[in-house]
Structures are given as C-alpha cells and as structure tokens.
Amino acid sequence: MAPLIDMKIGVLALQGGFAEHICRLQTLGADAFEIRKQSDLAQPMDGLIIPGGESTVIGKLLKDLAIYDDLKKKIDSGLPVFGTCAGMILLAREIAGTKTACFGSIDIAVKRNAYGRQLGSFFTEAEMKGVGIVPMTFIRAPYIETMGAGVEVLSVVEGHIVAAREKNVLVTSFHPELTSDNRVHRYFLERIIKS
Ligand code: GLN
C-alpha cells in the first residue's frame, strides 16, 4: 500500500508517550509535528493524536498553556482525533468518580486505572474490528464502562470495551504505539481521516 505522505498529524506533546506516536506516523509516511504551545495550533492539520501519560497532568497543562479552548473547538468541528489510554480519558464524556470531563468529545464513560494501579500493566493480543488481531499493551489503563448509541465498539478484552469510535473520534485503552505494528495508526489515517 502507498505511504500516506500527504497527511499532517499534530501530536499533543505536553507529557507522556508522544514520541512513540510520532515514530509510528513517520514509519507510515505521514508528516507528524508536536503540539506544545498554543501557536503550534496555527499549522493546518488533518488529524490529532492525544497520547497516553497521566490524564490529570495533561488536562492541567492544556488549560495552563491555553491550548484547551482552541483544541476543543477543532475537535468539536470535526478534526479527526485518536486518543490512547490517558488520551481516551481526556476525550471521554464522563470519567467515573469525577464531576468534570476534559474534552467530552466521545459519548463514553470511562473508569481510570480500571485494572488496578500496581498490577494493572499487561500485554495481550486481541481482535480490533477493521484491523485484525493486534498486540495490545495496557499500562494502568482505563476501560469503557458505558456508552451512547452512536458509539461503535471496536474491541473487547476480557469482557471490557477497550477500543471504540464515534464519528471523528477514535479511542483505545491500550498503546498501539509501543509495538512496531502500525496497523492501528494506519486505521486512524485511512478509516477515520480519509473517510
Ligand atoms: N492511568 C493514567 C491516567 O489515568 C493513564 C495511563 C496511561 O496513559 N498509560 O491518566
């Protein structure tokens, strides 16, 4: 398949695993750039990735650095966005045990550190709809507890929803950027952005 050379993807680079996402995107031939400050949002972009890390820290930095409002406007107006782990938490409509959400861009309620804090890291391989069997690394991951009718479930592991999509928003509990398998990123570029 031809490389996805014309795409420009912004990767939120305030904290967490942004470098690995950039690496995966570059391997696919996409043009990836870091979003660290408000002026970085002036560049045109075809899609956005919100990486894993610590959702409370990323959420605070988004506000402190005055990135939040502009980014929310872009997502609300249809910018394709892919959130992994903490990124999923930041995109969810509801975070269990809290009153506030961050972007609220996908109609899911998530549970943070859902597999426990200490023993919550594990690796498995499971089916992701539209992609196939993919390697999945979970690190103190959330899962989706409930969701609205417009959300499509893409993967279920041990009875818990770990990947989903609604319109322009794709989320995974796991970290596809931590393996050399590019298919989940390719899915984002081809099925969420190009569609
Ligand atoms: N436990 C983290 C949080 O709640 C997410 C972990 C991750 O992104 N790997 O934000």
Side-chain angles (χ1 to χ4, degrees), residues 9-25 32 34-36 47-65 67-68 71-72 75 81-126 128 131 134-147 154-166 169-185 187-188 192:
I9 311 295
V11 179
L12 191 66
L14 303 181
Q15 190 260 342
F18 51 88
E20 292 83 357
H21 279 291
I22 290 172
C23 183
R24 295 270 69 79
L25 292 166
E34 293 180 357
I35 298 170
R36 293 179 172 273
L48 166 72
I49 289 184
I50 304 182
E54 192 55 41
S55 55
T56 50
V57 174
I58 299 173
K60 183 174 185 308
L61 288 170
L62 279 166
K63 300 262 166 85
D64 290 353
L65 297 168
I67 294 174
Y68 175 82
L71 212 48
K72 178 158 170 58
I75 299 169
V81 53
F82 175 22
T84 58
C85 203
M88 169 196 261
I89 296 167
L90 292 165
L91 288 165
R93 171 188 41 82
E94 189 183 322
I95 305 163
T98 68
K99 287 208 168 54
T100 49
C102 186
F103 290 114
S105 315
I106 178 167
D107 192 8
I108 57 172
V110 298
K111 183 176 177 183
R112 291 182 63 205
N113 300 311
Y115 298 92
R117 275 184 173 274
Q118 297 305 326
L119 300 171
S121 301
F122 62 98
F123 175 84
T124 191
E125 289 186 321
M128 178 167 164
V131 182
V134 292
M136 298 181 177
T137 306
F138 292 82
I139 303 170
R140 295 181 301 107
Y143 57 64
I144 299 171
E145 292 192 302
T146 59
M147 57 187 213
L154 298 177
S155 184
V156 178
V157 171
E158 290 168 14
H160 300 300
I161 301 166
V162 298
R165 178 216 180 145
E166 184 179 28
V169 184
L170 172 68
V171 290
T172 63
S173 299
F174 56 92
H175 292 269
E177 76 284 8
L178 292 181
T179 68
S180 57
D181 189 313
N182 288 328
R183 285 174 300 147
V184 178
H185 288 78
Y187 176 90
F188 176 58
I192 311 290

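Source: prediction; values computed, not measured. Atoms within each ligand, like the ligands themselves, are counted from 1 in listed order.
Ring centroids of Y143 and Y115 are separated by less than 6.0 Å, placing the two rings close together.
The residue from L91, V169, V81 that alone fulfils the side-chain contact (heavy atoms from CB on, under 4.5 Å) condition with F103 is L91.
Salt-bridge check for K60 with E54: failed, with every basic side-chain N at 4.0 Å or more from each acidic carboxylate O.
A donor-acceptor contact under 3.5 angstrom links the side chains of H21 and T84, judged on distance only.
In this structure a side-chain-to-backbone donor-acceptor pair under 3.5 Å is missing from Q15 to V57.
Protein residues having a heavy atom under 4.0 Å from any atom of ligand 1 are G52, G53, E54, S55, C85, A86, I89, R112, N113, I139, R140, H175, listed by chain and number.
With a 4.5 Å cut-off on side-chain heavy atoms, E177 and C23 do not count as touching.
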